[in-house]
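Worksheet: one structure, shown below.
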Amino acid sequence: MSLDIRIDHDSSSTPPFEQLRLQILELVRRGELLAGARLPTVRALAADLGLAANTVARTYRELEESGAIETRGRQGSFIAAAGDTTRLHAQRAAMDYVRTLRDLGIDDAQALHLVEQALRATGA
């Protein structure tokens, strides 16, 4: 999984772990990271961003302490469920749908077209 995150390594005012924490929270707020989405491993994200693994680990710990993410042992770290359970179930269904279609080789444009057809067929 690739996250759209940029770290300003020259910033003296905001440490890298805080930049990372704030950007992950922003991706959640914008709906780009949904409840249940798996985050990259500490080592993978550190390598992608040019950070020390301890920096990413600190960020994940702080996000977990605030309830933004949950760690499931060897399974990894995931965006935590928050708020409306109906929305949570809908997000999980959407993620399952996308995984299924990707496993079938369906691209994003085709997937969206299929959703639009289903919505029209059910009168939505």
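The model shown is predicted, which means the values in this text are computed figures rather than measured ones.
- Note: Asp107 CG to His113 NE2 = 11.5 Å, rounded to the nearest 0.5 Å.
- Considering all non-hydrogen atoms of both residues, Ala80 and Gly67 come closest at CB-O, 3.2 Å.
- Linking Ile, Leu, Val, Met, Phe, Trp and Tyr whenever their side-chain heavy atoms come within less than 4.5 Å puts Val115 and Leu104 in one cluster.
- Hydrophobic clustering of Ile, Leu, Val, Met, Phe, Trp and Tyr side chains at less than 4.5 Å, counting indirect connections, unites Leu119 with Tyr97.
- The pair Arg30-Glu26 meets the salt-bridge criterion, since a charged nitrogen lies less than 4.0 angstrom from a carboxylate oxygen.
- Of the residues listed (Leu49, Ile5, Val28), the one engaging Gln23 in a side-chain contact (heavy atoms from CB on, under 4.5 Å) is Ile5, and it is the only one.
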For Leu33 and Leu3, run side-chain contact (heavy atoms from CB on, under 4.5 Å): C-alpha distance rounded to whole Å, both residues' side-chain angles, the deciding distance at 0.1 Å, then the answer.
-> CA-CA 9 Å; Leu33 281 175; Leu3 299 178; 3.8 Å; yes

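- Transitive grouping of hydrophobic side chains (ILVMFWY, heavy atoms separated by less than 4.5 Å) keeps Leu25 and Phe78 in distinct clusters.
- Atom-to-atom distance recorded for Glu62:CD and Ile24:CD1 is 11.0 Å, nearest 0.5 angstrom.
- Note that CG of Asp4 is 7.0 Å distant from CG of Leu27, once rounded to the nearest 0.5 Å.
- In this structure a side-chain-to-backbone donor-acceptor pair under 3.5 Å is present from Thr59 to Phe17.
- Atom CZ of residue Arg61 and atom CD1 of residue Ile69 lie 10.5 Å apart, to the nearest 0.5 angstrom.
- When all heavy atoms of Tyr60 and Thr41 are compared, the closest pair comes out as OH-O, 4.4 Å.
- Taking CD of Gln19 as the reference point, atom OG1 of Thr14 lies at 5.5 Å (rounded to 0.5 Å).
- Leu114 and Ile106 get closest at one heavy-atom pair: CD1-CG2, 4.4 Å.
- Side chains of Leu45 and Leu39 form no contact here, defined as non-hydrogen atoms less than 4.5 Å apart.
- With hydrogens and angles disregarded, a donor-acceptor distance shorter than 3.5 Å links the side chain of Arg38 to the backbone of Gln75.
- The heavy-atom pair separating Ala57 from Val42 by the smallest distance is N-CG1, 3.8 Å.
- Atom-to-atom distance recorded for Ile7:CD1 and Leu51:CG is 5.5 Å, nearest 0.5 angstrom.
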